[in-house]
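Reading through the structure tokens given below for one structure.
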Amino acid sequence: MANPFTAQDLAFDEETFSGTARLFPLPNLVLFPHVVQPLHVYEERYREMVVDALASDKLVTMAVLKPGWEIDYESRPAIESIGCLGKIVAHHRLEDGRFNLLLLGV
């Protein structure tokens, strides 16, 4: 990873959270509070999401895709109603634009 964890990386201030975060839906991955999840981001639309997150609050919401997601994956497949907010605490951008991330459940 390109950067080590700092206390500021791990901090989350509920008072300043706008209530809106980027959405990263996946078919079978859940994120739990206080757990770090490694992620490899390779799709262009999610690479753009990571660039946006890194330039601002570093927040991403993980949500599980509902069954049958394969039919509408390239568009906006349905997601489960509960997700988990995560904060990017470490990242490494590869030469081809993909990312390796560590996402902390907050």
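The first residue in the sequence is number 1, and the count goes up from there.
Heavy atoms only, all atoms of each residue included: K87 and D57 are closest at CE-O, 4.4 Å. Closest non-hydrogen pair, L103 versus G86, comes out as CD1-C, 3.6 Å. In this structure, C84 and G105 approach most closely via the heavy-atom pair SG-CA, 4.4 Å. Shown here for L23 and A63, the closest heavy-atom pair between the two residues is CD1-CB, 3.8 Å. For the residue pair L65 and P25, the shortest heavy atom distance occurs at CD2-CB, 3.5 Å.
Both L101 and L26 belong to a common hydrophobic cluster when Ile, Leu, Val, Met, Phe, Trp and Tyr are linked at side-chain heavy-atom distances under 4.5 angstrom. A continuous path of hydrophobic side-chain contacts links L54 to F24 [ILVMFWY only; heavy atoms under 4.5 Å].
Not counting sequence neighbours, the partners of R98 by the side chain to side chain donor-acceptor pair (under 3.5 Å) test are H40, D96. For F32, the ring pair (Phe, Tyr, Trp, His ring centres under 6.0 Å) test picks out no residue, with sequence neighbours left out.
The CD1 atom of I88 sits 11.5 Å away from atom CG of L104, with the distance rounded to the nearest 0.5 Å.
In this structure, E14 places its CD atom where only 12 or fewer heavy-atom neighbours from other residues, nucleotides or ligands lie under 6.0 Å away.
Cluster partners of I82, using a side-chain heavy-atom cutoff of under 4.5 Å among ILVMFWY residues and allowing indirect links: none.
At least one side-chain heavy atom of L85 sits less than 4.5 Å from a side-chain heavy atom of F17. At a threshold of 4.5 Å between non-hydrogen side-chain atoms, the residues L39 and F99 do not count as touching. Inter-residue side-chain proximity for R93 and V50 is flagged as unmet; no heavy-atom pair is nearer than 4.5 Å. Counting only heavy atoms from C-beta outward, the side chains of Q37 and L29 approach each other to under 4.5 Å. Two residues are said to be in side-chain contact when any heavy atoms from C-beta on lie closer than 4.5 Å; R22 and S56 meet this criterion.
A donor-acceptor pair is defined here as one N or O able to donate and one able to accept, closer than 3.5 Å; no such pair exists between the side chain of R47 and the backbone of V41.
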